[in-house]
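Just below is one structure, and these are the notes that go with it.
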Amino acid sequence: MLGNFAYCNPTKLYFGEDSLQYLNTELPKYGENVVLVYGGGSIKKNGIYDEVLELLEKNGKKVAEISGVMPNPTLEKLYEGVEIARKHHADLLLAVGGGSVCDYAKAVSVSVHCAEDPWEKYYLKFEEPDCEIVPVGCVLTMVGTGSEMNAGAVITNHESKMKIGHVFADENIMPKFSILNPQYTLTLPQYQMVSGIYDIFNHICEQYFSGEDDNTSDYISEGLMRSLIHASRIANKDTQDYEARSNIMWTATWALNTLVAKAKSTDWMVHMLGQAVGAHTDATHGMTLSAVSLPYYRYIMPYGLAKFKRFAVNVWDVDADGKTDEQTAREGLAAMEAWMKELGLVMNLTELGVTEDMVEGIADSTLVLDGGYKVIEREEIVKILQESL
Ligand code: NZQ
Ligand code: ZN
């Protein structure tokens, strides 16, 4: 473990079929004004809304609502929610939904008491909050982003065609508690389930494909990837398999709660490409990643060959005997491709509505980070996007 770091994750997790009852433990810790934050209505159809409301009432809370938080939440929606939370003098923001709802609640939490424009401050200048932060709690219904135990909040600005994620450094922005009931994820459409599975896998890849030292984080990552591949195959055949879905839910949390990033520079370029695609298409997050991943990884493979070989052997059980490192590494990516196709993931940008004439604009919206094996230039981004069509 090279370098110096601090590790603290303050989010308390409650896991399992009975975990919602722990709202009775958590709610009394906060004032009476709760803002319930949710999406387009799935929680009303599957009954989670009624269960949560009953517990809020039982705990004597005054409840206001921010409903209709859309996938890839927008800046306009953020402004709207901030007003509701201000009017209600929110003591707690309770997010009930997927990553979009949890991210959104965090973005509201740092904006309610902020005098400046949140887009400008948090998403363009990447500043940390210097105001009071409204506490956030989550009841997770869609698995993938890890938002339930991290300080990330992704907001989309359609006007400027920018989808930007701010992973706040301040651990006070992480949810105070998150309720993880795998049962709640069973009503997800299969498209969302597999998209979430790939999101998890890619979060691990983004952190794993960096650095050359011998690092415990990489061994943890390999274990998480193996568990995910195993459980995903079961869940893809039977979406109602609780055991598989519960393992996927737990893996998602550990894939992006800062643990496996420790002592790693981390890459995140698949996410930068995916977010740029999202800004132009509003496509489902995990599918934007699956569409660009293989062209990206095949492109950078020569620059991180030793790690790609290790990935092939330790994650995909490729037999390296009698093969060059490059052959082994390529077989690993081929095994990954076969698994992605087996899950039914989107494998190209065309399927997400991207056309050749959009490539330059998407390249303009792509932020370049330098933690991976190769810092890519604009022409390389264009090439990778073209190959993803
Ligand atoms: O809005 P409702 O009606 O609730 O429907 C949602 C939504 O349409 C539906 N859904 C959720 N739970 C369900 C359900 N449908 C049936 N049954 C259930 N139990 O699923 C759809 C997608 O939900 P969403 O929250 O958008 O998905 P996801 O969890 O993938 O979140 C995506 C957002 O998170 C950001 C993405 O960029 C995107 O904006 N990310 C956040 C990260 C973080 N905080 O660290 C990292 C990620 O890389 C990602 O960028
Ligand atoms: Zn992601």
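Treat the numbers as computed from the prediction; the structure is a model and nothing was measured. In each ligand, atom 1 is the first atom listed, and ligand 1 is the first ligand listed.
For the residue pair Tyr79/Asp117, the side-chain donor-acceptor check at 3.5 Å is satisfied. Defined by atom type and a distance below 3.5 Å, a donor-acceptor pair is missing between the side-chain atoms of Asn247 and Ser227.
Heavy atoms of Lys45 come nearer than 4.0 angstrom to ligand 1 in no pair at all. A heavy-atom separation below 4.0 Å is not found between Met70 and ligand 1. Heavy-atom distances between Gly165 and ligand 1 stay at or above 4.0 Å for every pair. Note on ligand 1: Leu256 sits in its first shell, one or more heavy atoms being nearer than 4.0 Å.
Of all atoms in ligand 1, numbered sequentially from 1 with element shown, those under 4.0 Å from a heavy atom of Asp199 are 48 (O). Residue Val154 approaches ligand 1 through these ligand atoms, each under 4.0 Å from one of its heavy atoms: 35 (C), 37 (O), 40 (N), 41 (C), 50 (O). Those atoms of ligand 1 that come under 4.0 Å of a heavy atom in His271, given as number and element, are 48 (O). Close contacts of ligand 1 with Asp103, meaning ligand atoms under 4.0 Å from a residue heavy atom, involve 34 (O), 35 (C), 40 (N), 41 (C), 42 (C), 43 (C), 44 (N).
Of the N or O atoms in Pro73, none lie within a sub-3.5 Å distance of an N or O in ligand 1. Ligand 1 has no N or O atom lying under 3.5 Å from any N or O atom of Thr185, backbone or side chain. On a distance-only criterion, Gly41 and ligand 1 share at least one N/O pair closer than 3.5 Å. Residue-to-ligand polar distances place Gly99 within reach of ligand 1: an N/O pair is separated by less than 3.5 Å.
Nearest heavy-atom pair, Tyr208 versus Lys264, reported as atom, atom and distance to 0.1 Å: O-NZ, 3.3 Å. A pairwise comparison of heavy atoms in Ala279 and Lys161 identifies CB-O, 3.5 Å as the closest pair.
When rounded to 10 degrees, the angle formed at the Zn ion (ligand 2) by NE2 (His285) and NE2 (His203) equals 170°.
Remark: Lys262 NZ is packed, more than 12 non-hydrogen atoms of other residues, nucleotides or ligands lying under 6.0 Å away.
Considering just the N/O/S atoms of Asp199, the one nearest the Zn ion (ligand 2) carries the name OD1.
Met149 CE to Leu140 CG: the interatomic distance, rounded to the nearest 0.5 Å, is 12.5 Å.
At least one cation-pi condition fails for Lys12 and Phe177: the charged atom is not both under 6.0 angstrom from the six-membered ring centre and inside a 45 degree cone around its axis.
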Fill in: Tyr14 and Thr25: CA distance, side-chain angles, deciding distance, side-chain hydrogen bond (donor to acceptor under 3.5 Å, both in side chains) verdict
CA-CA 11 Å; Tyr14 296 101; Thr25 307; 5.1 Å; no

